[in-house]
Amino acid sequence: MYFIATHRELQFVLGRGGKIRVSENHSSFVPILTIDSLTAVRGYNLLFQGLNFKLQSGQFAALRGPNGTGKTTLLRMIAGFIEAETGTIEKVEEYRERGPFYLGHDHGLRASETPLSHLTDWADIHYSPRSDIPDILERVGLTLRQHVPAYSLSAGQKKRVALARALITPRLLWLLDEPASALDTAGQALLCELMKEHLDEGGAILAAIHDDLELTPDLVLDLGAFA
Amino acid sequence: MFSTFANPHRFLALSKWLMPLFAVLGAIIVATGWAWAFFFVPEELYQGATAKIMYIHVPAAMVSLAAYASMAVCSLLFLTLKHSIADVAAKSAAPVAAALSFICLVTGSLWGRPTWGTYWVWDARLTSMLFQLFLILGYMALRSAFQREQDAARAGAILCLVGAVNLPIIKFSVEWWNTLHQPAGFITLGGSSYAPEFYWPLWYNLIGIGLVFGALMMAAMRAEIFNRQYEAKLARMNRSAA
Amino acid sequence: MSEPLTGQVNSGDIFIWASYIISAVTLGGLALWTAGKLTGAKKRLNMLNSHETEKTSED
Amino acid sequence: MMRNGVAAIFRRELSLAWAGGSGLFLPAAFFAGTIFLAPLGIGPEPRLLAASAPGLIFVALCLASLTTLERIFQADLEVGALDHHRLSGLSMELATLAKVAAHWLVSGLPIALLTPVAAVMMRAETVTLQSILPVFLGSITIFLWGGIGASLTAGLRRSGPLVALLILPLFVPVVIFGAEELNHVLTGQGFGAGLGLLAANSLAALAISPFAMSLALKLE
């Protein structure tokens with residue numbers, strides 16, 4: 001067992017088998033993500049301004065708004081890829097100064113990489129044990145195709161590899177940009193399962209979703225309101 | 001881009017009167033300086049009349065080096081303190097620095113033709129000026145390759161700083177290379193050991209070219225700020241209309 | 001430019017003229033280009049401002 | 001253990017370059033091609049060829065490395081893998097250095113090892129294994145400065161020629177000192193001082209380029 005994240009003297013303990021368990025002696029809600037008066041600009045048009053938002057541990061927030069209102073920009077800003085014009089984003093400090101788990105539109109697999117090689121490299125890069133890769137592959141249903149190079153994998157299969165990445169290096173904050181796209185019904189069921197598990201263990205999720213998954217969000221952030 | 005536009009008003013107010021002053025003053029000084037050098041300076045001992053080209057070549061070289069140095073300083077300011085005015089300054093100084101480097105190279109080779117017999121000599125200063133011109137053109141090309149202004153600014157600033165670090169290295173290595181390949185007794189491009197009647201026109205022209213550089217840079221900066229304000233206002237209007 | 005690009009040259013005057021003219025043309029060209037850019041930018045901004053004031057005065 | 005963190009990025013980059021197959025020996029082939037064509041242009045006269053050998057070898061080295069430099073970061077950026085490197089908690093400086101090192105090992109080193117062959121083809125007098133040293137050090141500097149050019153233009157679509165324009169001036173010291181040193185080696189004179197200067201160049205590049213590269217890549 002080792003600590004996964006610390007937040008003002010509260011410790012989040014990583015249980016055996018990679019599960020996150022919020023330690024007993026804590027108040028139930030720990031702030032994972034706090035945004036205040038955030039402004040975002042793309043080129044010269046203003047996407048949103050004065051955005052305030054708070055996400056607690058165990059909460060699932062749905063990010064809504066028509067296309068082009070800056071959902072992806074907001075997620076990438078929280079992940080730290082884009083600098084905010086004004087306003088601040090405060091995230092819980094993850095284990096080993098990692099960033100949050102970011103699942104974007106592109107899957108991050110080079111053409112000649114196989115699921116197994118990609119996940120092994122991913123585990124090594126993040127100092128995670130390689131031992132649990134086989135059953136994670138089993139969990140996302142890629143055991144049969146673990147040696148197939150990426151150029152002959154379907155978009156859905158590559159998205160499952162991306163989901164497997166979240167299991168190999170557990171992190172508290174998940175940022176999902178239309179996670180259900182390219183997934184078949186079985187894939188979407190798997191996605192919901194993983195999200196439910198993550199929330200039960202004290203993690204938080206901010207996801208830009210259109211079609212409503214079975215999982216009902218605890219709160220909704222509509223970017224249209226901040227345009 | 002919004003918040004950082006507060007302070008350009010100070011610059012706009014300052015340059016509103018400073019830029020025309022520099023422009024007029026610079027034009028007068030350069031015109032008279034060139035005339036002075038062209039008509040009145042007596043024949044130089046062994047270079048003959050061609051020494052007159054020095055009065056364009058040396059000021060252009062000095063001011064273009066100063067221009068690249070100011071671009072590097074502005075790039076450093078932009079990267080560390082995110083002053084968007086510093087980025088506007090660096091972007092506006094580039095064309096002037098390129099023009100002056102070009103003038104320096106052309107006048108240098110024109111001066112070389114009668115003196116050394118060929119248009120191009122791998123003299124250390126000429127060669128490093130050539131590579132400075134390459135770096136500036138690269139800077140301008142890199143900046144225009146990006147759609148978003150922030151990416152262009154950041155990439156340009158990094159390249160400018162890397163270039164600034166390398167220019168002295170290039171100058172040293174070409175100088176060292178020159179001593180190896182060049183036969184002895186080579187006339188260097190003129191130092192400052194001039195007799196007084198040659199000395200003053202050189203300083204006079206230097207001030208003139210310096211003022212012209214200041215005027216051109218400020219004009220380009222004002223144009224750039226107006227452009228950015230125009231686009232920002234246009235975007236705001238589209239959004240309020242949408 | 002029939003004669004070779006290197007070798008001994010007798011009168012140096014042509015080169016003095018050439019360097020003065022080329023420098024004047026380059027600096028002049030740059031000044032005109034910058035002035036054009038400046039007036040263009042100013043004009044567009046003013047046109048936008050006047051458009052905006054006239055729009056706000058309407059609605 | 002050497003397996004985790006930045007070493008993993010280095011290993012991943014190596015295996016990807018290796019698996020790329022044809023792309024692997026492109027720089028070495030480019031280098032060999034230039035060296036093969038040059039005598040046809042310069043003429044077979046041995047003394048002339050030997051005199052131009054060092055300079056030509058270094059120019060060919062510069063141009064050959066340009067062919068792969070552009071792909072160092074672009075390949076990862078395209079598929080979105082660069083985002084994960086930013087989130088991995090590893091210092092971007094070390095990560096970019098590891099990527100450049102992997103690419104150098106795959107393309108820069110083979111060129112250095114080819115130098116004796118190129119020297120023989122250019123009819124140099126004394127071709128020894130030491131002739132690898134100047135090109136070895138030179139290629140390190142070239143890949144480090146080139147890495148900066150690659151990181152600056154990673155986000156652009158067709159940026160190949162732009163990378164060349166940006167960083168060719170940075171290769172000037174390498175070509176000057178390298179060719180001079182290679183000349184000493186190939187003509188059997190004493191060498192070593194020039195190697196020091198070349199090493200100084202690569203150390204300067206090693207000190208500066210990781211920060212410039214990570215600065216260019218860190219923010220969008």
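Note: hydrogens, waters and symmetry copies are ignored here, and every other heavy atom, side chains too, is used. Lettering of chains follows the sequences in order, A, B, ..., and the numbering in each one begins at 1.
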So which part of [X] gets closer than 4.5 Å to some heavy atom of chain D, the side chain, the backbone, both or neither?
X         : result
Phe146(B) : both
Leu79(B)  : side chain
Val174(B) : both

Using a 6.0 Å cut-off, check whether atom [atom1] of [X] has over 12 heavy atoms from anything other than its own residue.
X         : atom1 : value
Phe226(B) : CZ    : yes
Leu81(B)  : CG    : yes
Gln189(D) : CD    : yes
Phe102(B) : CZ    : no

About how many Å separate [atom2] of [Y] and [atom1] of [X], when rounded to the nearest 0.5 Å?
X         : Y         : atom1 : atom2 : value
Phe134(B) : Ile167(D) : CZ    : CD1   : 13.0 Å
Asn201(D) : Ser173(B) : CG    : OG    : 7.5 Å
Ile169(B) : Leu197(D) : CD1   : CG    : 11.5 Å
Leu137(B) : Leu165(D) : CG    : CG    : 7.0 Å

field: Pair Val172(D)-Phe131(B), side-chain contact (heavy atoms from CB on, under 4.5 Å): steps then yes or no
entry: CA-CA 9 Å; Val172(D) 163; Phe131(B) 285 109; 3.2 Å; yes
- prompt: Asn166(B) versus Pro169(D): any side-chain heavy-atom pair under 4.5 Å?
  reply: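 They are not in side-chain contact.
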task: Considering non-hydrogen atoms only, spot the tightest contact between Val162(B) and Ala212(D) and give its length.
output: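 Shortest heavy-atom separation between Val162(B) and Ala212(D) comes out as CG2-CB, 4.2 Å.
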field: Nearest heavy-atom neighbours spanning Ala145(B) and Leu162(D)
entry: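 Where Ala145(B) meets Leu162(D) most closely, the heavy atoms are CB-CD2, 3.9 Å.
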Pair Trp176(B) + Phe177(D): ring centers closer than 6.0 Å: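 For Trp176(B) and Phe177(D), the ring centres are under 6.0 Å apart.
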Chain B contact via Ile208(D) - which portion, at a heavy-atom distance below 4.5 Å: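 Contact with chain B involves the side chain of Ile208(D) alone.
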- prompt: Is chain B contacted by the side chain of Leu166(D), its backbone, both, or neither, given a heavy-atom distance below 4.5 Å?
  reply: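 Contact with chain B involves both backbone and side-chain atoms of Leu166(D).
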- prompt: Taking Leu167(B), Leu161(B), Leu135(B) one by one, which has the highest count of heavy-atom pairs under 4.5 Å against chain D?
  reply: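 Sorted descending by pairs with chain D, the first entry is Leu135(B).
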message: Please check this pair: side chain of Arg154(B) against backbone of Leu215(D), looking for a donor-acceptor N/O pair closer than 3.5 Å.
response: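 Side chain of Arg154(B) to backbone of Leu215(D), a donor-acceptor pair under 3.5 Å: yes, one is there.
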